[in-house]
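Notes to accompany the following structure.
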Amino acid sequence: MQDEELEERLLGAWIGIQGMLKSSRITEKLTYNEAIIMKLVYDQYKKDGAGCTAVSRIVAETHMLKSLVNRTITSLCSQGYLRRERDSRDARRLVVYPIADRLPDFLSVHEQSLELARTIIGLIGWEDAQRFIGMYEKLSSSGMQL
């Protein structure tokens, strides 16, 4: 296979997988962007028991526009999933916290996302899923912005 053909196929695959994820309704109760932000906050909650997540970190990890992240966080706050406040150590920083009483509601919604992941693993197999994760981690650790 020619390098140029491989490059074209790689770009096509990237565009295709992004389209699959964005067009699939990964949850019924949250938008795609809401589900992504809640997953980041929930992952932090699992690590530290508080879930304090800087808005700037969400912007960096999701590659969403800051204005879109702020609109999405506002929506999640109005639905009672998150609380937004100034960081007590650095007033310039905005942080969000999950609302503990709403975590069970999020987890029931998150289960739909996990079902999508199970479906993908079933289609491509455990080994290819592991390789896919490894490829993402390699690209991510290189600092590459996709």
Test item: Ser56 side-chain N/O and Ala54 main-chain N/O as donor-acceptor pair under 3.5 Å: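 No: the side chain of Ser56 does not pair with the backbone of Ala54.
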
Atom [atom1] of [X] and atom [atom2] of [Y]: how far apart are they, to the nearest 0.5 Å?
X      : Y      : atom1 : atom2 : answer
Ser140 : Ile133 : OG    : CD1   : 13.0 Å
Thr53  : Arg84  : OG1   : CZ    : 13.0 Å
Leu68  : His63  : CG    : NE2   : 13.5 Å
Lys39  : Thr62  : NZ    : OG1   : 13.5 Å
Ile58  : Lys66  : CD1   : NZ    : 12.0 Å
Asp87  : Leu94  : CG    : CG    : 9.0 Å

Nearest atoms (heavy-atom pairs only) where Pro98 meets Ala50: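 Taking Pro98 first and Ala50 second, the nearest heavy atoms are CD-O, 3.3 Å.
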
Nearest heavy-atom neighbours spanning Val41 and Gly51: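 Heavy atoms only, the tightest pair is CG1-O, 3.7 Å.
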
Can you tell if the side chain of [X] reaches within under 4.5 Å of the side chain of [Y], non-hydrogen atoms only?
X      : Y     : result
Val95  : Val55 : no
Asp105 : Tyr81 : yes
Leu103 : Tyr45 : yes
Met38  : Leu30 : yes
Asn33  : Arg71 : no

Under 4.5 Å between side-chain heavy atoms, counting indirect links through other Ile/Leu/Val/Met/Phe/Trp/Tyr residues: same cluster for [X] and [Y] or not?
X      : Y      : answer
Ile99  : Ile37  : no
Leu116 : Ile121 : no
Tyr97  : Ile73  : no
Val96  : Leu65  : yes
Ile36  : Tyr136 : no

Any residue meeting side-chain contact (heavy atoms from CB on, under 4.5 Å) with Leu123, in chain and number order, not counting sequence neighbours: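 So Leu123 forms a side-chain contact (heavy atoms from CB on, under 4.5 Å) with Thr119.
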
Residues forming a side-chain contact (heavy atoms from CB on, under 4.5 Å) with Leu107, sequence neighbours excluded: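 Per chain and number, Leu107 pairs via side-chain contact (heavy atoms from CB on, under 4.5 Å) with Tyr42.
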
Salt bridge (charged side-chain N to carboxylate O under 4.0 Å, His left out), paired with Asp90, selected from Arg86, Arg93, Arg92: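 The option that passes is Arg92.
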
Heavy-atom neighbours of Glu111 CD exceed 12 at 6.0 Å: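 For Glu111, atom CD is crowded (more than 12 foreign heavy atoms under 6.0 Å).
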
Residues Lys47 and Asp43 bridged, charged N to O under 4.0 Å: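 Asp43 and Lys47: not salt-bridged.
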
Residues Arg57 and Glu61 bridged, charged N to O under 4.0 Å: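 A salt bridge links Arg57 with Glu61.
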
Which residues satisfy the side-chain hydrogen bond (donor to acceptor under 3.5 Å, both in side chains) test with [X], sequence neighbours excluded?
X      : result
Arg83  : Glu85
Gln130 : none
Glu137 : none
Asp48  : Gln44

Any donor-acceptor N or O pair under 3.5 Å, side chains Gln79, Glu34: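 A pair is found: one side chain offers a donor N or O, the other an acceptor, under 3.5 Å apart.
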
